[in-house]
2 protein chains.
Amino acid sequence: MRLSTKGRYGVKAMFDLALHSSGEPVPLKLIAERQGLSEAYLEQLMAGLRRAGLVNSVRGAQGGYMLAHSPDNITIGEIIRSLEGSMAPVDCVTEGEVSECEKAEYCVTRIVWRKIRDSINQVVDSITLQDMINDYSSIHKGQ
Amino acid sequence: MRLSTKGRYGVKAMFDLALHSSGEPVPLKLIAERQGLSEAYLEQLMAGLRRAGLVNSVRGAQGGYMLAHSPDNITIGEIIRSLEGSMAPVDCVTEGEVSECEKAEYCVTRIVWRKIRDSINQVVDSITLQDMINDYSSIHKGQ
DNA sequence: AATAAAACCAAGTAGTTTACTTGGTTTTAA
DNA sequence: TTAAAACCAAGTAAACTACTTGGTTTTATT
């Protein structure tokens, strides 16, 4: 049940963007440096986030990335799902897909997988980038 | 965030054991046949479950496996963790391990990973094999 | 107009992990 | 004595991960 680097780096990058956004686009180079990530690899992740409508990009010199919505309107769930796909622990409970397993209707383990999926979705969809900023502020207050 | 076949097959095998236990040990061959799984592969998983104290084995002819506790005293969480390790989405929040990341103390994303981990643990530890048997009974009642 | 900074894009790739299989040995009821 | 079963260790093909490489296109700045 590990998250891959896509989800992990994606959340870090989006948090970095949220923390350092000032109306100006933020170049990937800065995000990569601050978060200690490979710029070329991050580029691929940003493509996914852009396709999902979570960031906007500005090309050319002085370009970069900006959040497409305010930090309190972007959830961790949206970020992770756009990079990793469904949070379903097993394919047969992927949202929006019809299970190809003919036992699906009366499958007992499937009930379990669905509960796990729903629980994960519930947490990740309840955490916004703003929540992370608030956590950051309370950790660093007074410094 | 996919579960590997270890966790999936492990839960299926344990459910099968719970459903078909009558005091007599159940040979792996039967479980594998009923669940449509490879017997040789299941063997490896049973070794893990035995080490975790979730099943007992009886060697020799007429041998097999038995649940080590009653179905209402075995949770899905115990099964999955014994086969897959921690449910932590990221290594730095694996229970009982000290994170080697020197930023761990003031890491904001870590707070997120911990929430996901706790939420997953909470669901899987709340579901017992007895719950699955009950689900099974209500699906098949009247047949 | 030239330069450089940046996003965008496609393909390659080493290493790891997964999901098994194979080929045994040991134990024990019948 | 036989056969059924658990137990054990090692091998392996395929898939996946986490990148890198080598470009192109766009655009603000000089």
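Note on naming: letters A, B, ... go to the chains in the order of the sequence lines (proteins, then strands), and numbering restarts at 1 for each one. Below, each value reflects all heavy atoms present in this structure, side chains not excepted, and no hydrogens, waters or symmetry copies.
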N/O donor-acceptor pair, side chain A/R59 with base D/dT25, under 3.5 angstrom: yes
Would you say a side-chain N or O of A/T5 is under 4.0 Å from OP1 or OP2 of D/dA18? yes
Value in whole Å for how far the P atom of C/dT27 lies from CG of B/N56: 18 Å
Knowing that exactly one of B/I79, B/L83, B/V11 qualifies, which makes a side chain to side chain contact (heavy atoms under 4.5 Å, CB included) with B/K6? B/L83
Just one of A/R50, A/M66, A/M46 clears the side chain to side chain contact (heavy atoms under 4.5 Å, CB included) bar with A/S57, so which one? A/R50
Calculate the interatomic distance between B/Q35 atom CD and C/dC20 atom P; express it in whole Å. 14 Å
From CD of B/E39 over to C1' of D/dC8, roughly how many Å is that when rounded to an integer? 15 Å
For residues B/Q122 and B/D118, is any side-chain donor paired with an opposing acceptor at under 3.5 Å? no
Rounded to the Å, how far apart are B/L42 CG and C/dC20 C1'? 12 Å
More 5' along DNA chain D: A/Y41 or A/A61, using each one's nearest nucleotide? A/Y41
C/dA19 phosphate, OP1 or OP2, under 4.0 Å from B/S4 side-chain N/O: yes
At 4.0 Å (heavy atoms only), tell me whether A/R50 reaches a base, stays on the sugar-phosphate, or touches nothing. sugar-phosphate
State the NZ-SG distance between A/K103 and A/C92, to the nearest 0.5 angstrom. 11.5 Å
In terms of the nearest nucleotide of DNA chain C, which residue is placed more toward the 5' end: A/V26 or B/R8? A/V26
In this structure, how many angstroms lie between the C1' atom of C/dT18 and the CG atom of B/L45, rounded? 12 Å
A/S137 side chain to A/N134 side chain, donor-acceptor N/O pair below 3.5 angstrom: no
Which of these nucleotides, D/dC19, C/dC8, C/dA6, is closest to any side-chain atom of A/S38? D/dC19
Quick note, A/A40 side chain, CB onward, closest among D/dA5, D/dT21, C/dA6 is D/dT21
Please confirm whether the shortest side-chain N or O distance from B/Y9 to OP1 or OP2 of C/dC20 is below 4.0 Å. yes
Between D/dC19 atom P and A/L83 atom CG, what is the distance in whole Å? 14 Å
Figure out the CD/P separation between B/E43 and C/dA19, and round it to whole Å. 18 Å
Please determine whether any donor N or O and acceptor N or O are separated by less than 3.5 Å between the side chain of A/Q62 and the base of D/dT26. no
Value in whole Å for how far the C1' atom of C/dA5 lies from NZ of A/K29: 9 Å
